[in-house]
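Within every chain, numbering begins at 1; the chains are lettered A, B, ... in the order of the sequence lines, protein sequences first and strands thereafter.
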Amino acid sequence: RKEVEQDPGPFNVPEGATVAFNCTYSNSASQSFFWYRQDCRKEPKLLMSVYSSGNEDGRFTAQLNRASQYISLLIRDSKLSDSATYLCVVSRGSTLGRLYFGRGTQLTVWP
Amino acid sequence: NAGVTQTPKFRVLKTGQSMTLLCAQDMNHEYMYWYRQDPGMGLRLIHYSVGEGTTAKGEVPDGYNVSRLKKQNFLLGLESAAPSQTSVYFCASSYGTAGSYNEQFFGPGTRLTVL
């Protein structure tokens, strides 16, 4: 079983829509959680960390459910510039900073 | 402050040839990583380093070697390239391993084709 599983999509939504991505992780020892964004033919970049109590950054909201080993990302009022692949990422504190990446969920926002 | 840089950006090799990919970071990060990214496979860790002079194997280390002689540089070597090593290679670095220090900063990638 893969460490991190994501629905690959693609998700195609109109501007202004709300879209949600989900992710599950297999190792209960996972301690840190992130969403990275990767534009086409570019490197991944950190979008936001995910905290136990949930957190929000502008139009982006991340949630963590440790009991279900489930992470989510909600994007409100989608913009054309949100089109990218979103990578769910987890880290186990014991593995020297190693990150485990999901395969990514592709989002296209159309006008 | 250039962040993480990678050399070269593109390369085409013939089967059996060797090459070295160079990664450099100017953020004084202790931890450095090499990944490969293939369609449908996501990012997979090849090797990583937790400090100058130290390296460790990741998920897919076979066919690759690495060296970290200087803190700012992490080299990835292919001794005898195979078509299965056609991929996009990303280098990354991080300050630490806990919380926000675990954020990894990525280089722009090297697109390698092995014929």
B:Leu43 versus chain A, the contacting section by heavy-atom distance below 4.5 Å: both

Pairwise distance CD(A:Glu43) to CD(B:Gln37) - rounded to 0.5 angstrom: 11.0 Å

Engaged part of A:Gln6 at the chain B interface, taking heavy atoms whose separation is under 4.5 Å: neither

Heavy-atom pairs under 4.5 Å with chain B, option from A:Arg103, A:Lys42, A:Arg41, A:Lys45 with the top count: A:Arg41

For residues 7-21 of chain B, tabulate all N or O donor-acceptor pairs below 3.5 Å that involve a side-chain atom, not counting sequence neighbours.
unit_1: B:Thr15; atom_1: OG1; unit_2: B:Leu115; atom_2: O; d: 2.6
unit_1: B:Gln17; atom_1: OE1; unit_2: B:Lys14; atom_2: N; d: 2.7

Same apolar cluster: B:Leu75 and B:Val66, side chain cutoff 4.5 Å: no

Close side-chain approach of A:Tyr100 to B:Glu59, heavy-atom, < 4.5 Å: no

Pairwise distance CZ(A:Arg98) to OH(B:Tyr31) - rounded to 0.5 angstrom: 14.5 Å

In one Ile/Leu/Val/Met/Phe/Trp/Tyr side-chain cluster, 4.5 Å: B:Val60, B:Tyr89: yes

Hydrophobic cluster identity match, A:Tyr86 and A:Tyr25, side-chain contacts under 4.5 Å: yes

Please list every donor-acceptor pair under 3.5 Å in which a side-chain atom of residues 50-58 of chain B meets a protein atom from a residue at least two apart or in another chain.
unit_1: B:Glu52; atom_1: OE1; unit_2: B:Lys71; atom_2: N; d: 3.4
unit_1: B:Thr54; atom_1: OG1; unit_2: B:Val50; atom_2: N; d: 3.4
unit_1: B:Thr54; atom_1: OG1; unit_2: B:Gly51; atom_2: N; d: 3.1
unit_1: B:Thr54; atom_1: OG1; unit_2: B:Gly51; atom_2: O; d: 2.8

Transitive ILVMFWY side-chain link A:Phe11 to A:Leu47, under 4.5 Å: yes

Residue part contacting chain B, namely of A:Pro44, when any heavy atom lies under 4.5 Å: both

Interface moiety of B:Arg111 toward chain A, non-hydrogen atoms closer than 4.5 Å: side chain

Proximal component of A:Tyr36, with respect to chain B [non-hydrogen, under 4.5 Å]: side chain

Cluster check A:Leu73, A:Ile71: I/L/V/M/F/W/Y, side chain < 4.5 angstrom: yes

Worked verdict on B:Tyr35 versus A:Leu99 for side chain to side chain contact (heavy atoms under 4.5 Å, CB included): CA-CA 11 Å; B:Tyr35 295 90; A:Leu99 298 181; 4.1 Å; yes

